[in-house]
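Have a look at the structure below, then the notes.
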Amino acid sequence: MIEIRNVSKSYGNVKALDDVSVTINRGEIIGLFGENGAGKTTFIKSVFGFIPFKGEILLDGEKINRKNIGKLSFATSEHSFFPEINAAEHREFYKEHFDTFMDRRFDGLMEFFNLPMDKPIKKLSNGQQNQFEVILALSQGADYIFMDEPFSGSDMLNREDFYKVLMGIIGENETIFLSTHLIEEVAGFISRAILIREGRIIGDVHIEELEERGVSLTDYVKENYHYEEDRVSKALNRITGRNDADE
Amino acid sequence: MMKKITPMLSRKMIWEEIGLMLLMMFILVTISNSNFSTMLSAEIIDATVERHYSGVINKIPDINVLLKGIFWTVPVFLTVCIGLVYAHYRSFYQDSMSIYTIRRTGRPWELHVRCFAIPVLLFVLMFIISMLELAGFVATYLNQTPPTYLPEYHGIDFWRLFI
């Protein structure tokens, strides 16, 4: 279990995270939703300790440090692979540093996505690099797999393949924490949705609960974001100088 | 062993880097070598000519005069090595934030080892070669200079070797 308690982070006068408290349980598939700049990336980077923050984050009751950070893996749109070396060399590095590395899963995913083992990763296309980033995160053998917009810039088919594979390989105890703004694409397989806006958690709901209420995830997000349904028509009217009443 | 201490670059890039540094080391060692040889032989020739034409026996300068700043090559090489450490560090932020992966390993010194190991080893090698070179200079000075031209030997002023 990861307990995030009263975490705050500011960049100058801008509050990126404002007293955020969330608990992530084993086996959950969580979607973290929010507009650009809402604090999604800051949230994940805080969990890993990549940036300093106020508050406390505990992994199975202990602070996250060098000893237990191997229980977490990370796939990011910024990429965290080593661009100059190839996939085989990555596998060697991961096996050396993460005892839990899943060789079979790595090979299977490399084959599925048809990625070359002997090419430096920087020579692959952006879509392939995204796939490789995710493969590493999934193969590390981590209990908690964090993904921050892992498929930004990838085409839809690419993403669909990924979702299918993800659902097929994830074990019961593996936790997925997926930060994205592609709500509709992930709505079908996440078990819990967390909404973040201006650094604050504005919604945290289990999908089962939404289903019982007969509310779709998209509607739930719009509701919590106080989405104005007539926003588009108002903007169009302003831009074109027309008025609804004219029509 | 090598794989555990090198930056996360391709083997080709690592060997190119080491090769270039060794070439630079060779050039710098050759420069200091030829500087000392030129100075010592010039002093011996001067003393010999003086003795031949005027009959006066002049001593050649003390070895510390000849060696002053001879190893300017060492601080130059050190500067290049520091630059190399920085280049290794930057490589974890270029084209990908691989620093995130390095920081997720269980070894606290992983990043430092991968940034520092090659430059430090190269610098140690340069220093050892320079000290062997120094021993060679002293031996040449004491053995190749005609005894009548040799001033009294007072040892080496170590710090004046480098600047």
Side-chain angles (χ1 to χ4, degrees), chain A residues 41 44-45 47-51 59 64-101 118-124 126 129-130 132-133 136-137 139-142 144-148, chain B residues 1-25 80-123 125:
Chain A
T41 300
I44 293 179
K45 284 183 180 173
V47 171
F48 282 88
F50 293 151
I51 51 172
L59 169 58
I64 296 172
N65 52 41
R66 290 274 183 180
K67 282 180 190 162
N68 61 9
I69 200 167
K71 289 182 182 178
L72 314 179
S73 71
F74 185 37
T76 164
S77 55
E78 290 179 279
H79 297 152
S80 60
F81 50 68
F82 304 107
E84 300 289 347
I85 64 173
N86 63 31
E89 288 165 322
H90 274 88
R91 176 168 57 187
E92 264 181 69
F93 179 88
Y94 268 69
K95 278 170 89 167
E96 187 194 326
H97 287 90
F98 304 105
D99 299 336
T100 49
F101 186 76
D118 56 352
K119 244 185 177 181
I121 306 304
K122 72 171 183 184
K123 298 255 169 89
L124 305 182
N126 188 49
Q129 288 182 350
N130 288 340
F132 187 69
E133 177 77 11
L136 285 176
S139 305
Q140 187 189 305
Y144 301 89
I145 302 162
F146 286 79
M147 298 190 198
D148 184 19
Chain B
M1 172 66 184
M2 191 73 176
K3 278 181 195 166
K4 291 185 181 179
I5 62 166
T6 52
M8 300 307 290
L9 303 172
S10 66
R11 272 173 218 170
K12 187 174 167 248
M13 286 172 84
I14 290 166
W15 285 116
E16 276 174 2
E17 183 183 296
I18 293 173
L20 277 174
M21 292 297 283
L22 289 175
L23 178 66
M24 183 186 217
M25 194 187 294
V80 176
C81 287
I82 291 169
L84 198 58
V85 170
Y86 180 71
H88 289 166
Y89 179 74
R90 286 293 304 158
S91 73
F92 291 102
Y93 292 87
Q94 273 166 351
D95 297 329
S96 156
M97 291 292 284
S98 55
I99 186 72
Y100 295 154
T101 301
I102 286 290
R103 287 180 65 179
R104 288 193 299 106
T105 63
R107 292 187 200 147
W109 297 103
E110 188 72 25
L111 177 66
H112 303 87
V113 167
R114 289 186 184 275
C115 290
F116 280 91
I118 288 182
V120 167
L121 288 174
L122 285 168
F123 180 73
L125 181 64

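Numbers restart at 1 for each chain; the letters A, B, ... are given by sequence-line order, proteins then strands. These figures come from a predicted structure and were not determined experimentally.
- Heavy atoms of A:Phe48 lying under 4.5 Å from chain B belong exclusively to its side chain.
- A:Lys119 pairs by the salt bridge (Lys or Arg N to Asp or Glu O under 4.0 Å) definition with nothing, not counting sequence neighbours.
- Summarising the geometry, atom CZ belonging to A:Phe98 is positioned 6.5 Å from atom OG1 belonging to B:Thr105; distances are rounded to the nearest 0.5 Å.
- Among the candidates B:Ser10, B:Pro7, B:Pro108, the residue making the largest number of heavy-atom pairs closer than 4.5 Å to chain A is B:Pro108.
- For a residue to count as touching a neighbouring chain, one of its non-hydrogen atoms must lie under 4.5 Å from one of that chain's; by this rule A:Glu133 does not touch chain B.
- Proximity to chain B (any heavy atom under 4.5 Å) is restricted, for A:Gln140, to the side chain, taken from C-beta onward.
- Residue A:Leu72 touches chain B through its backbone alone, counting heavy-atom pairs closer than 4.5 Å.
- Rounded to the nearest 0.5 angstrom, A:Ile85 CD1 and B:Met13 CE are separated by 11.5 Å.
- For residues 90-103 of chain B, heavy-atom neighbours of chain A at less than 4.5 Å comprise B:Phe92, B:Gln94, B:Asp95, B:Ser96, B:Met97, B:Ser98, B:Tyr100, B:Thr101, B:Ile102, B:Arg103, sorted by residue number.
- Most heavy-atom pairs under 4.5 Å with chain A, from the set B:Met8, B:Arg104, B:Arg107, B:Glu110: that is B:Arg104.
- Looking at A:Ser73, the atoms closer than 4.5 Å to chain B (heavy atoms on both sides) sit in the backbone and in the side chain alike.
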